[in-house]
Amino acid sequence: MKITVIGTGYVGITTAASLGEIGHQIIGVDIDKLKIEQLNNGILPIYEPGVEPVIQNLLKQGTLHFTTSLQEAMKETEIIFIAVGTPQLSDGRPDLKYVDEVAREVGRYMSKYIVIVDKSTVPVGTAERVQSLIMEQLNLRKLSVSFDVVSNPEFLQEGKALQNSRNPDRIVLGCSSRAAEEIMLKLYDNIDAPKHITSPRNAEMIKYASNSFLATKITFINEMARLCDLLAVDVVEVAKGMGMDKRIGPYFLQAGIGYGGSCFPKDVSALAMMGREANMEMSILRSIQEINQTQTDWFLGRVKESMGVLDGKRITLLGLAFKPDTDDIREAPSLKLIQKLLTEGAIVTGFDPVANNKIKNIFPNVKISEDAYSAAKDAEAVVICTEWKEIIDLDWRTIKSLMHGNFIFDGRNALDGDMLQLEEFQYWGVGRSLNKIV
Ligand code: UDX
């Protein structure tokens, strides 16, 4: 099928790659000329494992190209994906100005039946809004063209996008007509996954409810970790025992220093805002936001309990991206932690396998090392912020020999605490109880 994907950010590029991979012909559109030029040369503006070779291959085969002209892209297209950004406004709602602008543009050039798909995460009612913005333009042109707007939310996890798109748990299709439903089913025919066909409003809500539920699961275990820490209980064991119950499941029960990224914080805020606009206070969401906000404070409290005053102490943070396998630092707990440690007067050094430059731009005064070993040199404590495999697999004996002290604060419960204690580290994990400190 002939597909246009508007927006070449994370969602747009991964959508183009995954739909191209299953045999569709894709045109990617963006207003940024430089980005389009680079993309046509196979240079990606995002870091996502495996996506670059797929894009390069599709470009070589000639089944994918990028352009700044939506008009050109729309000539033969059957489906248009809207994958533009929806940045957060100061009141927590997503800003729909880019979605609106794309809808108007589509209305300006549409001359035959097309299915327009909302891929960006947008509030309930956005498919209807896109529909009426397109209608407005068609009316101005005195044209009567039929079209459908579908909500097909994105559930890809950064770092695992290709894996997720090749093998999704489900595909949600919010369709308002039989014709749109058939076209969307044909589009995903090659993907063996259950398809949940529902209304656009329901589909829009499914996305927010899913992300908020996952954020709730993480936050629940994070609050449990705080209690486990007080009662000398190991939250990792608790999560394991809980997760064996099929109704609970083992996923998203890893306690840590809080969730970050471009989705969970934004989507929880947007859903809470949707509630407020409907005169309903979503008290669970409010608590989640509060607990997640304070998780780094709580963590820092434990660091201070072990190390005393942090003024002048050398502390090294390993892993700075909001999670492994991405260079994304949006809402990363490491940012909050760096800021708080600096406020306490600590001398902070950091290292991340791919996000170093982004951190340097935000904290020009923090020393960022090119590898974990030099980052750990002379440190009194090492803090794990992100569980990159290459960080877990470090030679900890060497790290210990380079350090000036022996504290490890494992903000992701990713390391083998028992092994580290044998190496004479003082290991502390989130909710793994203070009695681990020897
Ligand atoms: C999320 C959703 O999973 C995805 O379906 C949606 O499309 C976009 O938002 P993503 O933001 O890429 O994906 O990251 P995810 O892997 O879900 O992790 C989000 C955050 O939660 C990270 O900061 C991660 O470290 C944290 N997390 C995750 C935990 O703290 N504990 C867990 O058990 C799982």
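Ligands are counted one by one from 1 in listed order, and the atoms in each one are counted from 1 as well. Since the structure is predicted, the reported quantities are computational estimates derived from the model, not experimental observations.
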Fill in the blank from the handout: protein heavy-atom neighbour closest to atom 33 (O) of ligand 1 works out as Q254 N, 2.9 Å

Practice task
Check whether any side-chain N or O of D325 sits under 3.5 Å from a backbone N or O of G159 as a donor-acceptor pair, and report yes or no.
Solution key: no

Exercise for the section: Say whether S199 and N202, considering side chains only, have a donor N or O and an acceptor N or O under 3.5 Å apart. Expected result: yes

Practice task
Could you list which atoms of ligand 1 come closer than 4.0 Å to a heavy atom of K207?
Solution key: 6 (C), 7 (O)

Handout entry: Proximity to ligand 1 by part of Y251, non-hydrogen separation under 4.0 Å
Key = neither

Exercise for the section: Using distance alone, with no hydrogens and no angle criterion, decide if K377 and T349 have a side-chain donor and acceptor under 3.5 Å apart. Expected result: no

Problem - Backbone or side-chain N or O of F155 under 3.5 Å from ligand 1 N or O - result: yes

Problem - Enclosure of K186 NZ (heavy-atom neighbours >12, cutoff 6.0 Å) - result: no

Practice task
Specify side chain, backbone, both or neither for L156, according to which of its non-hydrogen atoms lie closer than 4.0 Å to ligand 1.
Solution key: backbone

Practice task
Scan side-chain atoms only and decide if S269 and Q88 contain a donor-acceptor pair under the 3.5 Å cut-off.
Solution key: yes

Practice task
Give the residue, atom name and distance (to 0.1 Å) of the protein heavy atom nearest atom 18 (O) of ligand 1.
Solution key: K323 CD, 3.9 Å

Practice task
Compute the shortest N/O to N/O distance between Q157 and ligand 1 and return yes if it is under 3.5 Å, no if not.
Solution key: yes

Exercise for the section: From the options F264, F252, Y10, select the one whose nearest heavy atom is closest to atom 19 (C) of ligand 1. Expected result: F264

Practice task
Go through ligand 1 atom by atom and flag the ones less than 4.0 Å from a non-hydrogen atom of C263.
Solution key: 8 (C), 9 (O)

Handout entry: atom 28 (C) of ligand 1 [closest protein heavy-atom partner, distance rounded to 0.1 Å]
Key = I218 CD1, 3.5 Å

Completion exercise
A student comparing E154, E158, Q295 should find that the heavy atom closest to atom 12 (O) of ligand 1 comes from E158

Exercise for the section: Please report the shortest heavy-atom distance between P45 and I13, naming the atom on each side. Expected result: CD-CD1, 3.4 Å

Practice task
Identify which one of E158, E154, E48 satisfies the side-chain hydrogen bond (donor to acceptor under 3.5 Å, both in side chains) criterion when paired with Y10.
Solution key: E48

Handout entry: Greater than 12 external heavy atoms within 6.0 Å of K195's NZ
Key = yes

Exercise for the section: Under 4.0 Å, heavy atoms only, figure out whether ligand 1 is touched by the backbone of N222, its side chain, both or neither. Expected result: neither

Problem - ligand 1 atoms in contact with R412 (distance to a heavy atom under 4.0 Å) - result: 25 (O), 30 (O)

Practice task
Answer yes or no for R302 and F409: cation-pi contact, defined as NZ/CZ to six-membered ring centre under 6.0 Å and angle to ring axis within 45°.
Solution key: no

Practice task
Starting from atom 20 (C) of ligand 1, locate the nearest protein heavy atom and write down its residue, its atom name and how far away it is, to 0.1 Å.
Solution key: Y259 CB, 3.7 Å

Exercise for the section: Give yes if a backbone or side-chain nitrogen or oxygen of G260 is under 3.5 Å from a nitrogen or oxygen of ligand 1, and no if not. Expected result: yes

Exercise for the section: Assign the ring pair F264 / Y259 to parallel, tilted or perpendicular, where the plane angle (0 to 90°) is split at 30° and 60°. Expected result: perpendicular

Problem - Any N or O of G261 closer than 3.5 Å to N or O of ligand 1 - result: no

